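Scroll down for the structure; my scribbles are underneath it.
Quick note: numbers below take in every heavy atom, side chains included, and nothing from hydrogens, waters or symmetry partners. Proteins get letters first, then strands, A, B, ... in listed order; numbering begins at 1 in each. Being a predicted model, the structure only gives us computed values, none of them experimental.
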There are 2 protein chains.
Amino acid sequence: MVEPDPKTPRERYRAQVRAEIKEHAWEQIATAGVPALSLNAVAKQMGVSGPALYRYFAGRDELITELIRDAYQSLADTFREALAAGADVAGLAHALRGWALADPQRYFLIYGTPVPGYHAPEDTTRISSQIMATLLDACAALTPDGPTTPLGAHLEEHRDWAEGHPAPSAALHQALNFWTRLHGVLSLELAGHFAGMGLDPALLFAAELDDLLTRRV
Amino acid sequence: MVEPDPKTPRERYRAQVRAEIKEHAWEQIATAGVPALSLNAVAKQMGVSGPALYRYFAGRDELITELIRDAYQSLADTFREALAAGADVAGLAHALRGWALADPQRYFLIYGTPVPGYHAPEDTTRISSQIMATLLDACAALTPDGPTTPLGAHLEEHRDWAEGHPAPSAALHQALNFWTRLHGVLSLELAGHFAGMGLDPALLFAAELDDLLTRRV
DNA sequence: AGGTTTCGTTAGAACCTATCACGCAACACC
DNA sequence: GGTGTTGCGTGATAGGTTCTAACGAAACCT
């Protein structure tokens with residue numbers, strides 16, 4: 001979580017204040033959503049006056065970008081740790097849901113409503129690739145080989161996003177299925193659509209995961 | 001689209017101005033997202049001064065709520081018309097994607113990132129039920145009968161959201177699958193995640209739809 | 001035509017982001 | 001340890017937002 005780079009005392013202090021700002025920002029986002037994130041309110045919480053924060057972040061947009069970056073990294077770490085702990089695809093799915101439920105707005109920061117003009121910085125797409133790579137690892141272990149599906153052929157042609165991952169096309173297809181389907185149920189759960197219908201989100205998620213595992217490709 | 005209720009000239013004018021305000025609001029949302037929607041900017045576009053709009057909407061929140069209502073209604077109409085034109089489940093899926101691509105932000109207004117504190121008004125949930133009812137119609141026609149899945153049992157117990165729709169549990173399950181899976185691929189497409197990976201969203205959507213149709217429950 | 005309702009205006013309060021110039025404290029170097 | 005430089009926090013300021021209040025004018029209804 002923390003950067004072990006306390007070169008000068010100044011950088012040390014700076015990193016600490018930046019972290020504290022982000023901490024308060026996460027709190028605001030979790031309770032009222034991204035639109036309600038206010039630099040002024042964060043400053044007030046820290047007992048400091050508004051413009052002080054501009055020493056640490058160029059503006060509101062840069063702070064949000066940083067939070068998005070951290071969200072990506074947090075998910076990548078969660079996946080990596082789960083896989084290192086011996087989790088299979090189902091374990092990864094469980095880790096994903098737990099991570100999302102811990103802070104729904106953090107999930108939506110990555111996979112939620114996009115801002116039309118916004119373009120994510122380069123490194124977030126790199127971290128995103130790491131996430132997919134972890135998922136590919138698990139899928140390749142689950143599906144060592146399989147028939148190439150029609151979509152698998154397309155994925156084979158455009159496997160740049162796999163970044164040289166040596167997974168067969170069946171694993172590519174399955175990883176994509178996991179991603180899109182789990183996102184489907186999970187995002188609807190986090191948005192409260194199932195609760196509004198009197199359904200149990202955990203059951204829907206489990207059923208979708210089970211379908212993915214038992215009826216793979 | 002228009003309400004044929006021009007009782008008094010005043011109400012007629014009022015409805016027209018409200019519609020014009022919403023028109024400009026949609027434009028802003030489509031180009032810059034909901035957070036960028038500004039009553040002031042709308043007023044400026046209409047050549048009128050800021051507070052004038054408060055005669056027509058109690059505030060920014062009520063305007064957004066009205067837009068959400070219209071979005072729900074628009075999707076419900078699209079589904080209803082598609083079904084009336086003889087569309088099956090695949091036709092509904094195609095209609096859904098077309099409707100979403102026509103204005104992605106409108107789709108996200110319904111199925112996108114939720115605002116933590118916000119609770120949708122009663123009638124939007126009613127329109128939402130109409131949408132699900134249309135989907136259930138199509139699914140019941142496609143799957144006249146089938147084995148009750150484990151999840152189907154749960155859906156059978158909590159079929160309030162079907163609002164008395166006489167569909168078998170297999171159809172309930174399939175309708176839910178359609179919803180969650182198409183939302184999964186569609187929302188990721190609209191958010192640009194596939195484009196960032198060099199994948200063809202149309203192919204992914206078609207593949208998921210094909211899987212839903214050929215390997216149903 | 002008169003009375004009432006409704007509309008659009010300007011003024012203003014309370015927020016927000018963001019920039020600037022200033023004073024001061026902390027660090028770094030000698 | 002003193003001195004110079006760097007960085008930090010401040011208040012002031014500009015321009016943006018939502019939203020309320022009071023006023024004048026226009027349109028409607030009777």
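Side-chain contact annotation: D137(B) with H165(B), donor-acceptor N/O pair under 3.5 Å present.
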**OP:** Output, in order, the C-alpha distance, side-chain angles, deciding distance and verdict of side-chain contact (heavy atoms from CB on, under 4.5 Å) for D211(A) and R181(B).
**Re:** CA-CA 12 Å; D211(A) 188 274; R181(B) 293 189 188 174; 3.1 Å; yes
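Non-hydrogen atoms lying under 4.0 Å from DNA chain C are contributed by V48(B), S49(B), all within residues 17-50 of chain B.
The CG-P distance, from D61(A) to dA18(C), rounds to 6 Å in whole Å. Whole-Å rounding puts the L63(A) CG to dC16(C) C1' distance at 15 Å. Here the C1' atom of nucleotide dC16(C) and the CG atom of L53(A) are 13 Å apart, to the nearest Å. The separation between Y54(A) atom OH and dC16(C) atom P is 11 Å, rounded to whole Å. Between the P atom of dT17(C) and the CD atom of E62(A) lies a distance of 15 Å, rounded to the nearest Å.
Taken to the nearest 0.5 Å, the CG atom of L37(B) stands 11.5 Å off from the CD atom of Q105(B). Taken to the nearest 0.5 Å, the CD1 atom of I131(B) stands 10.0 Å off from the CG atom of L135(B). D70(A) contributes atom CG, which lies 12.5 Å from atom CG of L75(A) (distance to the nearest 0.5 angstrom). Rounded to the nearest 0.5 angstrom, H119(B) NE2 and T65(B) OG1 are separated by 12.5 Å. The CG atom of L203(A) sits 11.0 Å away from the CD atom of E189(A) when rounded to the nearest 0.5 Å. With values rounded to the nearest 0.5 angstrom, R159(B) atom CZ is found 8.0 Å from S169(B) atom OG.
Taking the ring centroids of W161(B) and F194(A), they lie at or beyond the 6.0 Å cut-off. Taking the ring centroids of H183(A) and F178(A), they lie at or beyond the 6.0 Å cut-off.
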Atom pairs, protein N/O to nucleotides 5-7 of chain C N/O, distance under 3.5 Å:
residue : atom : partner : partner atom : Å
dT5(C)  : O2   : R10(B)  : NH1          : 3.4
dC7(C)  : OP1  : R14(B)  : NH1          : 3.3

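Taking five base pairs at each end of the helix from dA1(C)-dT30(D) to dC30(C)-dG1(D), the local helix axes there meet at an angle of 20°, rounded to 10°.
Contact between G112(B) and T113(A) at its shortest, heavy atoms only, is CA-OG1, 3.3 Å.
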